[in-house]
Number of protein chains: 2
Amino acid sequence: MNVEIIVIGDELLIGQVTDTNSAWIARELNKIGWEITEITTVRDRREEMLSAFNQSFARVNVVLVTGGLGPTKDDMTKQTLCDFFGGKMIFDDSVLQNIERWLSKRKIKLNDSTRSQAMVPDVCSVIQNPVGTAPVMWFEREGKVLVSMPGVPFEMKNAMENEVIPRLRHRFPDHTSIRHFTCLVMNFTESALSEYLTDFEAEMPSAVKLAYLPNPGVIRLRLTARGEDDLETCRMLEKQAEKLCGLLGKNIFSYRDTTMAGALGAILEKEGYTVATAESCTGGNIAHEITLIPGSSAYYKGSIVSYANEIKETVLGVSTEDLEKYGAVSRQVVEQMVKGVQKLMHTDCAVATSGVAGPNGGTSEKPVGTVWIAVALGDKIVSEKFLFGENRKYNIERATHMAFLSMIKLLSGS
Amino acid sequence: MNVEIIVIGDELLIGQVTDTNSAWIARELNKIGWEITEITTVRDRREEMLSAFNQSFARVNVVLVTGGLGPTKDDMTKQTLCDFFGGKMIFDDSVLQNIERWLSKRKIKLNDSTRSQAMVPDVCSVIQNPVGTAPVMWFEREGKVLVSMPGVPFEMKNAMENEVIPRLRHRFPDHTSIRHFTCLVMNFTESALSEYLTDFEAEMPSAVKLAYLPNPGVIRLRLTARGEDDLETCRMLEKQAEKLCGLLGKNIFSYRDTTMAGALGAILEKEGYTVATAESCTGGNIAHEITLIPGSSAYYKGSIVSYANEIKETVLGVSTEDLEKYGAVSRQVVEQMVKGVQKLMHTDCAVATSGVAGPNGGTSEKPVGTVWIAVALGDKIVSEKFLFGENRKYNIERATHMAFLSMIKLLSGS
């Protein structure tokens, strides 16, 4: 089943908000074998919305619309949908009751603006939104379905999981099977990997597709198989996945689609190791990535974000003389940080970073983007200097990513 | 000047990657008064790309295309653009030289796959990409421009900043002025604020627009003015902004568009205060948000991410009895955490969190989503219990956001 998403909101087109809803919807629909074939993002303008509705409706049977449902004047999705489907706006008591329930839980008083959320087109089926005030609206025409949902990610996800996906599956029973296998590969550039896999790709059945998703130092490889019969599709995928894994061997460090932190966590959990982090330039981002993983408390003890040098000394025990002699961004300091946190938190493994994230603080000797990373496993310590770019956010992300990769390499012995 | 973005890549439509490029491009173009009017995301399929090129080219004068330029088989943007503009592929020595320069810096050997990056349509002007192997391509037809850039954010940003935006401004000199004023408002729901500002909105000149961007506990209000004359537009915006600020008074906690961490940082810097954080359920995310702000080292000393209870005891000095008696997610513990880190790091202010992020670890008394937040300024401590939802990532984000808001409220005395 092909689906299109229409994302509505000026805030997206001036870049004040990044659309994370579409990727989430795509992942969820992918699980049931449905495909997003196009995403269109338009402004809060009647003509532009109508044009998007018309075009998507002409191409696919299911259109999911997010955003533009707030109570304020700039939100006009509801009225435009009402016109598109040739209805008129009516007051819906059940929506008002839902809004009142929601407000009373939060001890908020109903006002005219929120009350207007209970006006809905008479040509839609209303799906109550238990976690917000904007109702979800289900429209049908000529056997096609359009569902309008709030743009607030939490509200949209709630509606999709509990109502929209189950209703769509019921409305369009579908039996095409799509199966993915994803693995994470290190030690290759994208083009070197592509060359290495030339024969493998040439011999792949046409119902299987291979995609490369490169990140610095890591490539996510995704095999996708499609077929009528789910069991057959699984078998076909499995056969290709096995062949691929055989070819790549220890260069694969995760056999599932996960973040670097997720891949590291799986290895730590398997080995029964604990880990701690000491972060300077990454400023807590390594800890954050690790703790995004459910169950990370099984192996993660904590982090010392030693942003100020005095914290490196007083909490991590870095030598004052070495800090003065070599500077905070040095092998000496990052190695003392990694040892310090490993000792303080009594862990098997530890990761430490110290660098110049930018935009200021760079010198000719240590320009912005210079980052020292140290990783420890028992008594063994490996440290390495990296030179990333000039962008602060990018340097923090790259350093975090490389810290995970360094720890994974030390653990896998490669 | 109206611009459309076309984003190409299967990985976006199966949700494996979130498109952050478009929001960045939108922000950059907004600064020069150009508007993104539509974003279309399509798969790596020839027909779908061609249809998107045709439609965007019919609507606007400038089309920016990102993605689909890798050396692997699934990337076919270059060939499709070549066909769209009626050209043929030729080998470009200058591109090869650029690739070789890039590879030799990284001590990577050239292979056939990378070499194929030097094949370009003969109907485009090539813009060398100094930070990657895929060239940027500039096409023109009937006075309209299409620029194709790599999807890797870093490469795209480099090309946009250094080459594409300057060239576009030169190619399309434009004098429409767009000016924004954004402020962050607390203590209102979206609809209460909308009601409060009804008269203000009614009296606004038609060339000024007001938009609401709600987040939990905070609303970002954006005034946008447009006009022929930049000075006149600024004056018109300033007048409305002054009026708005007068109406909202101390409910505005930031007069510029920034993150919660940015708003907090500005207050701390103005007051000359330092801050430290002690994080359990937020796992370093507060530290990460603070340290994303350039110059945060002026007021931020560091964080103790005390994920394991033993770290709360040994590093932060939380009482073992209280941990046992009240549990880690309690007023008693979070207040000891905030005091502990304030003392350890010798700061004026401190923030601490302890909660059940989920999906596991909840009890009937403390369900998943329960979070205690404590903030301190000198001897004054304020702590509060929140109940968020069931989603781990969302709970971490909400707790981080609310921790900033609590600290800002304590600092502003409201």
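In this text the structure is predicted, and so the values were computed from the model without any measurement. A, B, ... follow the sequence lines: proteins, then strands. Residue 1 opens every chain.
- In this structure, no portion of B:T277 lies under 4.5 Å from any heavy atom of chain A.
- Taking chain A as the reference chain and counting heavy-atom pairs below 4.5 Å, the highest number among B:G70, B:S297, B:G358 is found for B:S297.
- By the ring pair (Phe, Tyr, Trp, His ring centres under 6.0 Å) test, A:Y212 is found to be paired with no residue, residues two or more places apart in sequence or in another chain being considered.
- B:E4 does not touch chain A: none of its heavy atoms, backbone or side chain, sits under 4.5 Å away.
- Atom CD of residue B:E195 and atom CD of residue B:E201 lie 12.0 Å apart, to the nearest 0.5 angstrom.
- Heavy atoms closer than 4.5 Å to chain A are found nowhere in B:V152, neither backbone nor side chain.
- With a 4.5 Å cut-off on side-chain heavy atoms, A:I290 and A:Y299 count as touching.
- Inter-residue side-chain proximity for B:R59 and B:N2 is flagged as unmet; no heavy-atom pair is nearer than 4.5 Å.
- Between A:E279 atom CD and A:H288 atom NE2 the span is 11.0 Å, to the nearest 0.5 Å.
- Interface residue B:E48: only side-chain heavy atoms are found under 4.5 Å from chain A.
- Of the two parts of A:E289, neither the backbone nor the side chain holds a non-hydrogen atom closer than 4.5 Å to a non-hydrogen atom of chain B.
- Residue contact with chain A, scored on non-hydrogen atoms closer than 4.5 Å, involves the side chain of B:I396 exclusively.
- Highest contact tally toward chain B, considering only A:A287, A:A26, A:S303, A:S280, is held by A:S303 [criterion: heavy-atom pairs under 4.5 Å].
- Between A:T291 and A:Y300 there is a side-chain heavy-atom pair separated by less than 4.5 Å.
- Of the atoms belonging to B:E390, not a single heavy atom falls under 4.5 Å from chain A.
- A distance of 4.5 Å separates CD1 of B:I36 from CG of B:L29, quoted to the nearest 0.5 Å.
- Taking CD1 of B:I8 as the start and OG1 of B:T41 as the end, the distance is 10.0 Å to the nearest 0.5 Å.
- Only the side chain of B:E310 comes within contact range of chain A, with at least one heavy atom under 4.5 Å from a heavy atom of that chain.
- By number of non-hydrogen pairs under 4.5 angstrom with chain A, the leading residue of B:I304, B:L292, B:V42 is B:L292.
- If you measure heavy-atom distances from B:F154 to chain A, the contacts under 4.5 Å come from the side chain alone.
- The contact between B:I14 and chain A is made by backbone and side chain atoms together, counting heavy-atom distances below 4.5 Å.
- Looking at B:L213, only its side chain comes within 4.5 Å of chain A, counting heavy atoms on both sides.
- Heavy atoms of B:R392 lying under 4.5 Å from chain A belong exclusively to its side chain.
- Interface check for chain B: of the options A:T37, A:T114, A:I311, A:V315, the most heavy-atom pairs under 4.5 Å are formed by A:T37.
- Chain B forms more heavy-atom pairs under 4.5 Å with one residue of A:C281, A:S22, A:G283, A:G302 than with any other, namely A:G283.
- Under a 4.0 Å N-O distance rule, the pair A:D10/B:K209 qualifies as a salt bridge.
- When each of B:Y307, B:W24, B:Y394 is checked for heavy-atom pairs under 4.5 Å with chain A, B:Y307 comes out on top.
- B:E190 contributes atom CD, which lies 7.0 Å from atom OG of A:S113 (distance to the nearest 0.5 angstrom).
- Looking at B:I293, only its backbone comes within 4.5 Å of chain A, counting heavy atoms on both sides.
- Side-chain atoms of A:Q55 and A:S51, non-hydrogen and from C-beta on, do get closer than 4.5 Å to each other.
- Across A:P153, A:A52, A:A23, A:S191, the residue that shares the most heavy-atom pairs under 4.5 angstrom with chain B is A:S191.
- No salt bridge links A:D257 with A:R222; every basic N to acidic carboxylate O contact stays at or beyond 4.0 Å.
- Neither the backbone nor the side chain of B:R115 comes within less than 4.5 Å of any heavy atom of chain A.
- The residue among A:T18, A:T314, A:T20 with the most heavy atom pairs within less than 4.5 Å of chain B is A:T18.
- Here the CG-CZ distance, from A:L197 to A:F200, works out to 7.0 Å after rounding to the nearest 0.5 Å.
- Ranked by heavy-atom pairs under 4.5 Å with chain A, the first of B:R27, B:K301, B:K109 is B:K301.
- Of all the listed residues (A:V7, A:I25, A:T40), the one sharing the greatest number of non-hydrogen pairs under 4.5 Å with chain B is A:T40.
- Checked against ring pair (Phe, Tyr, Trp, His ring centres under 6.0 Å), B:Y196 has the following partners two or more places apart in sequence or in another chain: B:F188.
- Using a 4.5 Å cut-off between heavy atoms, B:D19 touches chain A through its backbone atoms (N, CA, C, O) alone.
- For the pair A:E397 and A:K393, the salt-bridge criterion is met [side-chain N within less than 4.0 Å of a carboxylate O].
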